[in-house]
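First comes the structure, then the notes that go with it.
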Protein chains: 2
Amino acid sequence: MSITIKDIAKQAGVSVTTVSRALNGYPDIKPETRQRILRIAAEANYHPSAIARSLVMKKSRAIGLIISELTDLGSGYHMLFDVIRGVNDQAMALGYDLILSATDPEQQREIPYIELCQRRQLEGVVLMGVRTDDPYLKEVLDASVPCALVDIPLTADSCTYVTLDNVQGAKLAVQHLVERGHRRIGLINGHNQAFVSRERWKGYGEGLKEAGIPLREEWVAYGDFEQESGAECIENLLAADPELTAVFCASDIMAIGAIQRLKQLGKRVPEDVAVVGFDGLELTQFLTPSVTTIVQPRHRFGVEAVNLLVRMMAGETPEPIILNPELREGQSTGK
Amino acid sequence: MSITIKDIAKQAGVSVTTVSRALNGYPDIKPETRQRILRIAAEANYHPSAIARSLVMKKSRAIGLIISELTDLGSGYHMLFDVIRGVNDQAMALGYDLILSATDPEQQREIPYIELCQRRQLEGVVLMGVRTDDPYLKEVLDASVPCALVDIPLTADSCTYVTLDNVQGAKLAVQHLVERGHRRIGLINGHNQAFVSRERWKGYGEGLKEAGIPLREEWVAYGDFEQESGAECIENLLAADPELTAVFCASDIMAIGAIQRLKQLGKRVPEDVAVVGFDGLELTQFLTPSVTTIVQPRHRFGVEAVNLLVRMMAGETPEPIILNPELREGQSTGK
DNA sequence: ATCCCCCTCGAAAGCGTTTTCGAAATCAGA
DNA sequence: TCTGATTTCGAAAACGCTTTCGAGGGGGAT
């Protein structure tokens, strides 16, 4: 059906060996023969089969992008998309094809990690959206396929990660609020199955400590990164301490939910309660009030993950990449 | 390196043929031999190479997901992600692997369509986010690889599509506004390189006509689906006709931009100007005011696209799928 | 004229599967 | 016990490519 290297060889009156050499830029071939072959191949609109090539070279030139919980409308929703873009862009730029595989722990549709890698001969894998208790994780850590984790600070023989300095990010948020004069600052954290939650909690604590503010149990609530949970949490926090004047949310989406509920409760933002979000979603700039947030370089996560991967595939054992957070001021924390 | 079918054969003391047969459920094999082979394969954690299999079977069991303008933060931003999820879910459910390829017309990084298909032996392709003037389109239409288009109403020999009834959707929006008593209704449309824009324009016109309202040139503005353009357009429209009391936006994002700008101009929504969006983004429910919108079954787009694909791969020539829009009321059009 | 080396190219093996074709073994019926 | 059908299995080719190894030819040096 499809046109093969043999056809080109026949057409050019040479052997397949010669065609292969011409196409792959080997030196031991007469320049004019090469030109002729190239021309014929182009005219015939010939493109070598990546499959056949993979088989013989034992390299697929493909990397996997595995996302847990993609089907969950959930947590990283807005975050994930940009990371996907980054991974895609860099993979393409480097000549790798991307195989997307979104798994879903709940529905048991998980294909064992190893199997996927073996089946498609993946040269490396970018893994994201994984909970701390996800079964994938164990498999990955002792598999031999290079793996770059996004927002999961674990390393192993063939495994490293890229993430934000979440501790620093959370601290930035708290510092910003302290500068604005707040002393009673709540935290609406994400669920504990997310690695980032622990770090943001830590950063929150450090931020308070540096300001000489003792941490209080009732200032911390746990949501699930979703809008609704942000609303519920802020209500709970206010019930526990009506004097609360500020809250730091571990996701912009929860921040939006919180602001929404605050309005319903008759509280003004930022006059009565100031709010800081996390993620740096574009839409936060266009809300009323616009939301102060810790911005993550999401696209770059993807790019760097692929970069880590190719370095690992080259035999290196690169250090994890920890990107710096930035605070973007909005109206939700006043001027 | 990796364990192959030969290893299993040797282990079991049979030929590779027999192993292949056992694994693939052929009947001509003694039940107990099959069991033994299966056991051995499982113990060895063996998984057949999809690559080798593809080569000999000339079927890759892989479909491509090609997205133009993914790198554009742009237009379908929020829409695309859900469609991707749908494609992924259904592809997995049906046992196909997904190869993601986001191209970018601007940066010329486009890999010719045909080449991609040939290289990876794709059995079918889902194509989305393509402009009317995109070079891909021509290639696709006369290629022989089955192709399912999303939101691009074109058919060809091996090509069909899934989309929303955009005419009906726009009409729903206008009807809703008319019911609320509006007579001067503007349209903030998307750019004309999007297929959907033409249809939404048509639906807008029909909606007005049915209400006996003559369409006026200056009621129509063209944005690019982005927030900023929504803001600019509403300002222009109001400049052209200060009496405007309602506007229908061809994307939720533009609607948000428009509402934002309206507030800045001292107009109340919906009291002074009512706004309807398009897409049915979740976040529209959580804004103040929440946005009335035409909801698209985005996830289902992906699912149906894959369904179309497999039917085409089976030799059928299925009819296009046109899904029905639904209006979801928010506060932006009053009660 | 001889020898050696370099340049250019082809034959063939091999990658891990599936599948065709036929052979061996088993079984039924007589 | 023999025949023929049926069941169970193996040898080998094929898929499209890369790569090793070596052959042939031309040119320069001796």
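Every chain is numbered from 1, with letters handed out A, B, ... down the list of sequences. Bear in mind the structure is a predicted one, so any value in this text is a computation, not a measurement.
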The criterion is salt bridge (Lys or Arg N to Asp or Glu O under 4.0 Å); which residues satisfy it with Arg61(A), sequence neighbours excluded? none
Can you tell me how far P of dC17(D) sits from CZ of Arg119(B), to the nearest Å? 13 Å
Mind checking what makes salt bridge (Lys or Arg N to Asp or Glu O under 4.0 Å) contact with Glu32(A), not counting sequence neighbours? none
Considering non-hydrogen atoms only, spot the tightest contact between Leu164(B) and Ile322(B) and give its length. C-CG2, 4.0 Å
Does dG16(C) have its OP1 or OP2 closer than 4.0 Å to a side-chain nitrogen or oxygen of Lys58(A)? yes
Using a cut-off of 4.0 Å between protein heavy atoms and nucleotide atoms, how would you tag nucleotides 5-11 of chain C 5' to 3' with B, S and -? ---BBBB
Heavy atoms within less than 4.0 Å of DNA chain C: which residues of residues 37-46 of chain B have one? Give them sorted by number. Tyr46(B)
Closest contact, heavy atoms only, Asp151(B) versus Phe195(B): O-CB, 3.7 Å
Using the rule side-chain contact (heavy atoms from CB on, under 4.5 Å), only one of Thr17(A), Leu23(A), Val19(A) pairs with Arg21(A); which is it? Thr17(A)
Taken to the nearest 0.5 Å, the spacing of Leu149(A) CG from Thr160(A) OG1 works out to 7.5 Å
Assuming nearest nucleotide by heavy-atom distance, tell me which of Leu55(B) and Tyr26(B) is located more 5' along DNA chain C. Leu55(B)
Separation of atom CD in Gln121(B) from atom P in dT17(C), rounded to whole Å: 17 Å
Kindly state which residues belonging to residues 4-11 of chain B come within less than 4.0 angstrom of DNA chain C, counting heavy atoms of the residue only, listed by number. Thr4(B), Ile5(B), Lys6(B)
Could you tell me which non-hydrogen atom of Cys147(B) sits nearest to which non-hydrogen atom of Met312(B), and how far apart they are? O-SD, 3.8 Å
Less than 4.5 Å apart, any side-chain heavy atom of Gln296(B) and any of Val196(B)? no
Kindly calculate the angle separating the two end axes of the helix from dA1(C)-dT30(D) to dA30(C)-dT1(D), each obtained from five base pairs, and round it to 10 degrees. 50°
Nearest heavy-atom pair of Val125(A) and Cys117(A): which atoms, and what distance? CG2-SG, 3.8 Å
All heavy atoms of Ile152(B) vs all of Tyr161(B), minimum pair found to be O-CB, 3.3 Å
So, are Arg85(B) and Asp82(B) salt-bridged, with charged N and O less than 4.0 Å apart? yes
Which of the following nucleotides, dT19(C), dA14(D), dG16(D), is nearest to the side chain of Val56(B)? dA14(D)
